[in-house]
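One structure, pasted below without further comment.
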Amino acid sequence: MTVVTRFAPSPTGFLHIGGARTALFNWLFAKHHGGIFHLRIEDTDRARSTEAAIAAILDGLQWLGLDWDGEVVYQFARAPRHAEVVSQLLAAGKAYPCYCSVEELEEMRKAAMVAGKPMKYDGRWRDRDPKDAPAGVKPVIRLKAPQSGETVVADGVQGEVRVGNEQLDDMVLLRSDGNPTYMLSVVVDDHDMGITHVIRGDDHLTNTFRQRQIYDAMGWEAPHFSHIPLIHGPDGAKLSKRHGALGVEAYRDMGYLPEALRNYLLRLGWAHGDDEVISTQQAIDWFDLGGIGRSPSRFDFAKLDNLNGQYMRQSDDADLAAKVAQRLGKEQDPAALALLTRAMSGLKTRAKNLKELAENAAFYVQPRPLALTDKAKAQLDSVEAQVLLPKLVAAYRDETQWQAAKLEERARAFAEAEGLKLGAVAQPLRAALTGSTQSPPIFEVLEIVGRDESLARLADALTPAI
RNA sequence: GUCCCCAUCGUCUAGUGGCCUAGGACACCAGCCUCUCACGUUGGUAACACGGGUUCAAAUCCCGUUGGGGACGCCA
């Protein structure tokens, strides 16, 4: 049997982090089994679905590298098929029209709440003669669900979960405007698409009972379900826009690498022993339902940062330089690109995301005179620096081999002659060359920046501020 | 309110009855490295929610309590 999974987001917003993880798990599970991964856009809510959201979801998945098989399925386009299934259910006496008003429904729920009973529709139209239908009211179609016994779901993560049928009411299959509801559409589409394994958020666990009843009514075999625990914010509460519930494009903008985010998301709720840094191929080889945890997890930027840093350090210098150049608006500048590529090995251990990397790299490609941080300015303005630097510059002017090792040698000899520690010389140098008190090794910077530009920056630093 | 799910360091987790004096990772603290900041490296602080069982033996199984989360729409 070929494994067929799907990711089925509703296009009412961006692709958030929880959805991205659900997509990842489905993708991984399909890949692991040599199966198929489908993408289905659940756009039956015509009022809230938007083109922009669809675009954001597709972009997000592509950025993450989660490619789907075949064409994207748009659920609303299948509405006629959904209605057809409802007709079959109606003809078989397994569904019926209900003429309740929203006000009546609301009253039922309130009454049930105060009576300490489950809030549900009481089934008043279940066996009523359609002749009694109020004039001019378009009915919804409800499933004639079993009223006794229990519905059982064998969940791949949560184990066997069961609920008494008296807890469940006759759910709406078709709205009064003739459009199918989510509950009906998922079942019909999952069945028609041949989905074998449904992996989705825990918030769907209780829906599964209702869906199970539709499968049973149609005489269809239900797929194997796995409900993965939700991701919470750092405070343990439901993920909100304040913390992690950003669209994946926000993570891209913050400078996270897709492979790092994927690795982080994989480890959030899934484990393979003590393994932390897991390549895509290993993830595919190892992914299984048994490794999925049962409790909710919290989103932790600190760990994502660390992982992203590890991935950046492993990244190819030219690739990183290209990404940085783009962020600095220098993607059309071959000289800047070459310089950044050479600088990258010293830069990439000092940033945890591309945004920082670009900020730290900026001094290499910025035109003179360099902007100085307050600390750097204070360092250069000190009497010591103004006395020391000219002497060092004089020594450097004589240096014919503009190489880090040679320049460091000169600086060390100079510091010794002056009775100073190397740091006393290196720091003013750093301030003049980078505009900052923190940077990659300064002699490496000198070499990469080059003789002329280095001496020019030093000259700038020695010119009294205007 | 009714139902469902969950519960190991601050966080992500390993653990599937003896290998647990509870392991790893992130974060944090200290040392080393060092021209700064990082990286790297060495070490440290830190957890089985609570109460009952079952068993020769329980973080692991059962029951209850407490605490978290989710669902209860003509949303998905």
Side-chain angles (χ1 to χ4, degrees), chain A residues 8-12 42-45 47-49 75 98 100 102 105-106 109 112-121 138-142 153 155 157-159 161-164 166-169 171-177 179-183 185-186 201-210 227 229-230 232 234 236-238 264 267-277 290 293-307 309 313 346-352 360 408 411-412 415 421-427 429-431 434 436-443:
Chain A
S10 64
T12 52
E42 309 222 316
D43 54 352
T44 52
D45 184 343
R48 294 199 297 155
S49 296
Q75 192 161 56
C98 165
C100 275
V102 289
L105 259 12
E106 188 51 38
R109 285 183 202 113
M113 171 99 83
V114 297
K117 291 182 176 167
M119 294 193 287
K120 57 173 216 176
Y121 165 66
K138 286 201 167 184
V140 298
I141 306 299
R142 288 179 182 273
V153 172
D155 193 272
V157 173
Q158 311 293 351
V161 187
R162 48 184 68 224
V163 71
E166 71 281 356
Q167 293 293 332
L168 275 17
D169 63 3
M171 78 197 92
V172 173
L173 265 19
L174 216 54
R175 300 183 241 254
S176 53
D177 65 1
N179 284 322
T181 60
Y182 159 77
M183 218 55 89
S185 308
V186 247
D202 216 3
D203 49 340
H204 287 283
L205 183 58
T206 51
N207 287 333
T208 311
F209 298 118
R210 311 180 107 86
H227 288 90
L230 269 19
H232 292 160
K238 196 172 177 179
Y264 177 73
R267 282 292 288 109
L268 206 54
W270 180 85
H272 182 267
D274 286 336
D275 293 306
E276 295 286 348
V277 179
R294 274 183 298 271
S295 51
S297 47
R298 300 186 188 201
F299 194 90
D300 180 16
F301 272 103
K303 186 144 183 175
L304 208 211
D305 283 342
N306 175 274
L307 210 43
R313 274 170 250 140
L347 250 15
K348 67 185 181 184
T349 58
R350 292 173 170 75
K352 50 186 188 287
N360 295 345
E408 178 168 352
R412 283 188 187 278
K421 287 187 172 179
L422 183 57
V425 178
Q427 279 306 91
L429 253 187
R430 189 185 316 281
T434 72
S436 168
T437 51
Q438 300 164 11
S439 83
I442 193 58
F443 304 108

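Quick caveat: nothing in here was measured; it's all calculated off a predicted structure. In the text below, chain A, chain B and the rest are named by the order of the sequence lines, each starting its count at 1.
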Should the pair A/His272 and A/Trp270 be assigned to parallel (<30°), tilted (30 to 60°) or perpendicular (>60°) ring geometry?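 Correct class here is parallel.
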Under 4.0 angstrom, heavy atoms only, what part of the nucleic acid is A/Gly293 near: base, sugar-phosphate, or nothing?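 Touches nothing.
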Could you check A/Val114 against A/Gln427 and say which one's nearest nucleotide on RNA chain B is further toward the 5' end?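 The answer here is A/Val114.
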Given B/C39, B/A14, B/C4, the nucleotide with the shortest approach to the side chain of A/Ala271: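 Nearest nucleotide to the side chain: B/A14.
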A/Asp169 and salt bridge (charged side-chain N to carboxylate O under 4.0 Å, His left out): which single residue from A/Lys120, A/Lys117, A/Arg210 fits?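 Answer to the salt bridge (charged side-chain N to carboxylate O under 4.0 Å, His left out) test with A/Asp169 among A/Lys120, A/Lys117, A/Arg210: A/Arg210.
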Check every atom of B/C26, B/G73, B/U2 against the side chain of A/Arg109 and return the nucleotide holding the closest atom.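 Taking heavy atoms from C-beta onward, the closest nucleotide is B/G73.
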Along RNA chain B (nearest heavy atom to each residue), the more 5'-positioned of A/Gln438 and A/Asp203: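 That would be A/Gln438.
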Only pairs with both distances under 3.5 Å count, Watson-Crick or wobble alike; so what is the partner of B/C39 in this structure?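 The base-pairing partner of B/C39, which may sit in any strand shown, does not exist here.
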Would you say B/C37 has OP1 or OP2 under 4.0 Å from some side-chain N or O of A/Ser436?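 No, A/Ser436 has no side-chain N/O under 4.0 Å of OP1/OP2 on B/C37.
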Integer angstrom distance from the C1' of B/A30 to that of B/A46: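 Here B/A30 and B/A46 have their C1' atoms 15 Å from each other.
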Using the C1' atom as the point on both nucleotides, what is the distance between B/G67 and B/G23, in whole Å?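 Straight-line distance between the two C1' atoms is 27 Å.
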OP1 or OP2 of B/G40 sitting under 4.0 Å from any side-chain N/O of A/Arg313?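 For B/G40, OP1/OP2 do have a side-chain N/O of A/Arg313 under 4.0 Å.
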In whole Å, measure the gap between the C1' atoms of B/A14 and B/C26 for me.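 One C1' to the other, the span is 15 Å.
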Measuring only the P atom in each nucleotide, how far is B/G68 from B/C32? A whole number of Å is fine.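 About 45 Å, rounded to a whole number of Å.
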Please measure how far the P atom in B/C4 lies from the corresponding atom in B/G43, and state the result in whole Å.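 49 Å, rounded to whole Å.
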Taking 4.0 angstrom as the limit, do A/Arg48 and A/Asp45 come out as a salt bridge?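 Counted as a salt bridge, because a side-chain N and a carboxylate O are separated by less than 4.0 Å.
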